[in-house]
Amino acid sequence: MGKKRAQFLPYALPFIEQEEIDEVIGTLKSGWLSTGPKVRQFEEEFQQLTGAKHAIAVNSCTAALFLALKARGIGAGDEVITTPLTFCATANTIIHTGAAPVFVDIDPATLNLDAEKIEAAITPHTKAIVPVHFAGQSCDMDRILAIAKKYDLFVLEDAAHALYTTYHGQPVGSIGDATAFSFYATKNLATGEGGMLTTNDDALAARIRRLALHGMSKGAWNRYGEKGTWYYEVEEPGYKMNMFDVQASLGLVQLNRLDDMQARREQIAKAYNQAFQKEAGLILPPVHQDGRHAWHLYVLQVNPKEAFITRDELIDQLQKEYKIGTSVHFIPVHLHPYYQETYHYSPEDFPESLAYYKQTLSLPLYPSMTDEDVQDVITAVLSILKEQRASS
Ligand SMILES: *Cc1c(COP(=O)(O)O)cnc(C)c1O
């Protein structure tokens, strides 16, 4: 039996330091509470980081995904291809436009959408592909972009895990037609809630910006400023999905710290890999050589043939015996009741996603973890496996 923690280690914790607190207070005192100069600055810095021509800050990644599909004109009667191994928002937003999600299974070697299987899912109604860079590693973008070109499809990347990720040296955010990022509390850069849409397409960017703020003509955000004007025009019935300055101030501080936060994530992932690599009952997260891994998630699989424990039992013992929180990424979207009832999916329709889902768990991985926290997780996992082996 390994040493037990006195205090529960949560699966995720945001990394908020004095700098963020000072910056937020500064913004609160500035007189700008809604979308203002901090949002503009955050967009500019994000644009530089990703190399994209445009960066549009919104109130979530979900909003960014939805607005990009809407701005591209995707709607009723259309089909959009994506992976079942993602958060429900990726597929929900397709439905919100009126289109139907069409799932393509993952490649178990990368856990990303299997590019080999995309063409078989394309019909005359297919309008877009939404690849998800799972856990922080890029999809096979060369293959995906080649298919998109052949069939004239829009490529919208879900990069909720992939800030800092590169593909063949190029930062995610400047590769496909549009890319959506998340700054949700558990993500690598966190503003609590928040998202960003990047694109190199001028017309698409202009329409997304307009749709995010009621469909009002440009300059609308600054209509209360010194150089602003009270006059605006509504060009189409838009939504209310803009980011506000308090969120952007958090984002600006975290952008400055991104390299350090990423280095710590990598350190923790390495420590886990080293500790678990010789354990026959465990399968390490796949790592491919196409680019930089953002290590948003550390997904460990319980090897069904070699472990004397199930994934569910491991999660349970980690929580109850060792006070360590974990999570599961993801319950494949096609397993959710709405998707089963509406699209008549059966669990076996995507066998790779299903098999992976049954044996995966995500371990705590965040920059504010101490070395002791990391060691506690390692000790707990190894002790549980050893005990199970001994008693089997
Ligand atoms: C977190 C997440 C989202 C949604 O992000 P929000 O900013 O919370 O809207 C979308 N897709 C994936 C893969 C995610 O992990």
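All values derive from a computational prediction rather than experimental measurement. As the structure lists them, so they are numbered: ligands from 1, and atoms in each ligand from 1.
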Tell me, with the steps shown, if Phe66 and Tyr239 meet ring pair (Phe, Tyr, Trp, His ring centres under 6.0 Å). CA-CA 10 Å; Phe66 171 73; Tyr239 304 88; 5.0 Å; yes
Exactly one candidate in Gln47, Gln48, Gln41 meets side-chain hydrogen bond (donor to acceptor under 3.5 Å, both in side chains) with Glu45; the answer is Gln41
Cation over ring face, Arg265 and Tyr298, 6.0 Å, 45°: no
For ligand 1, note which part of Ala160 has a heavy atom under 4.0 Å away: side chain, backbone, both or neither. side chain
Looking only at non-hydrogen atoms, find the nearest pair between Ser174 and Asn200 and report the distance. O-ND2, 3.7 Å
Provide the closest heavy-atom pair for Pro108 versus Glu352 in the form atom of the first, atom of the second, distance. CG-OE1, 3.4 Å
Test: Arg5 and Asp373 ion pair at under 4.0 Å: yes
Heavy-atom count around Lys358 NZ within 6.0 Å, excluding the residue itself: above 12? no
Within less than 4.0 angstrom of ligand 1, does Lys187 place any heavy atom? yes
Below a 4.0 angstrom heavy-atom separation, can you tell me which part of Phe66, side chain or backbone, both or neither, approaches ligand 1? neither
Per-residue contact class, His161 against ligand 1 - non-hydrogen pairs under 4.0 Å: side chain
Can you tell me if Phe134 has a non-hydrogen atom under 4.0 Å from ligand 1? no
Yes or no: does Gly194 have any heavy atom under 4.0 Å from an atom of ligand 1? yes
Would you mind checking which non-hydrogen protein atom is closest to atom 8 (O) of ligand 1, with the distance to 0.1 Å? Tyr184 CB, 3.7 Å
With heavy atoms of Phe330 as the reference, note each atom of ligand 1 found under 4.0 Å away. 15 (O)
Can you name the atoms of ligand 1, numbered from 1 with element, that are less than 4.0 Å from a heavy atom of Thr90? 11 (N)
State whether the shortest distance between N or O atoms of Thr62 and N or O atoms of ligand 1 falls below 3.5 angstrom. yes
Give the atom numbers and elements of ligand 1 that come within less than 4.0 Å of a heavy atom of Thr86. 13 (C)
Minimum heavy-atom separation for Pro332 and Ser353, please, with both atom names. CG-O, 3.9 Å
Kindly determine whether Tyr11 and His329 satisfy ring pair (Phe, Tyr, Trp, His ring centres under 6.0 Å), including the steps that lead there. CA-CA 12 Å; Tyr11 164 69; His329 296 91; 5.8 Å; yes
Ligand 1 N/O within reach of Ala89 N/O, cut-off under 3.5 Å: no
Side chain or backbone, does Ser182 bring an N or O within less than 3.5 Å of an N or O on ligand 1? yes
Ser60 heavy atoms within 4.0 Å reach ligand 1 at atoms 7 (O), 9 (O)
Taking distance alone, with no angle check, do Asp158 and ligand 1 share an N/O pair under 3.5 Å? yes
Charged N to carboxylate O under 4.0 angstrom, Arg389 versus Glu279? yes
